[in-house]
Amino acid sequence: MSEAKRLAGEKAIEYVEDGMIVGVGTGSTVAFFIDALGRIRHRIAGAVSSSEQSTARLKQHGIEVLDLNNTGPLSLYVDGADECDPHKRLIKGGGAALTREKIIAEASERFVCIVDPSKQVPVLGRFPLPIEVIPMARSLVAREIVARTGGQPVWRDGVVTDNGNWVLDVHNLAIVDPVGLERELNQIPGVVSVGLFARRPADVVIVGGEPPKVF
Ligand code: 5RP
């Protein structure tokens, strides 16, 4: 699968234009994109990063990492996903970076999602849905999730997000209405963000392969 990830990451470079500030996601697929971005670093104005992990890799390549508060809207965001449906709606957060990823996706005109073929599903929910929560609300949010969805939340014990929060992974969801579920879960006090990218899906999906598939 890492070859498919590399092909997807490198294909996404075609969406980078001279002088751009590029929004950069998190994960092993994005790592290939960052490496490719490093090779054209003199053509871009910098990057906005979704995690400490990606920031470190961007800096290793000599790419300037900028604060989203100072850049204004971005033209392009490139990120991976844990699942992708035919409508380009996603589950994200396997790397616990979902909140910053969601912020940058929202701030970007075009969201290019890079995945290997194993991430494609007809209906979202096989991958446990990550939800970032304020630590003191973990049990409350877990109870609410059971009551509202019937899914089984599991605490990702030992993981602290870059924002100092915790993650619940919700198992056994068949997500037939992703926009409705995203809205519903966002209303629970203590939820910081939900790893469903349905209200703001990807604009373009690149599935790594020879040749890559773009839809
Ligand atoms: C991180 C994410 C990643 O995009 C997702 O987990 C996919 O990762 P990978 O490219 O390593 O398969 O959402 O929070």
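Nothing fancy with the numbering, it's 1 onward along the sequence. Both counts, for ligands and for their atoms, begin at 1 and track the order of listing.
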* Asked: Under the salt bridge (Lys or Arg N to Asp or Glu O under 4.0 Å) criterion, do E132 and R100 qualify, and how do the steps go?
  -> CA-CA 11 Å; E132 180 165 347; R100 295 187 191 188; over 6 Å; no

* Test E182 against K102 for salt bridge (Lys or Arg N to Asp or Glu O under 4.0 Å), laying out the working first. => CA-CA 12 Å; E182 183 179 0; K102 211 165 212 188; 2.7 Å; yes

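The contact shell of ligand 1, taken as protein residues with any non-hydrogen atom closer than 4.0 angstrom, comprises K5, T26, G27, S28, T29, D79, G80, A81, D82, K92, G93, G94, G95, A96, A97, E101, K119.
For the residue pair T26/S50, the side-chain donor-acceptor check at 3.5 Å is satisfied.
Comment: D169 engages R156 in a salt bridge, judged by a side-chain N to carboxylate O separation of less than 4.0 angstrom.
With hydrogens and angles ignored, the 3.5 Å screen pairs a side-chain donor or acceptor of E83 with a backbone N or O of G125. Within the 3.5 Å criterion, the main-chain N or O of W166 finds no donor-acceptor partner in the side chain of R138.
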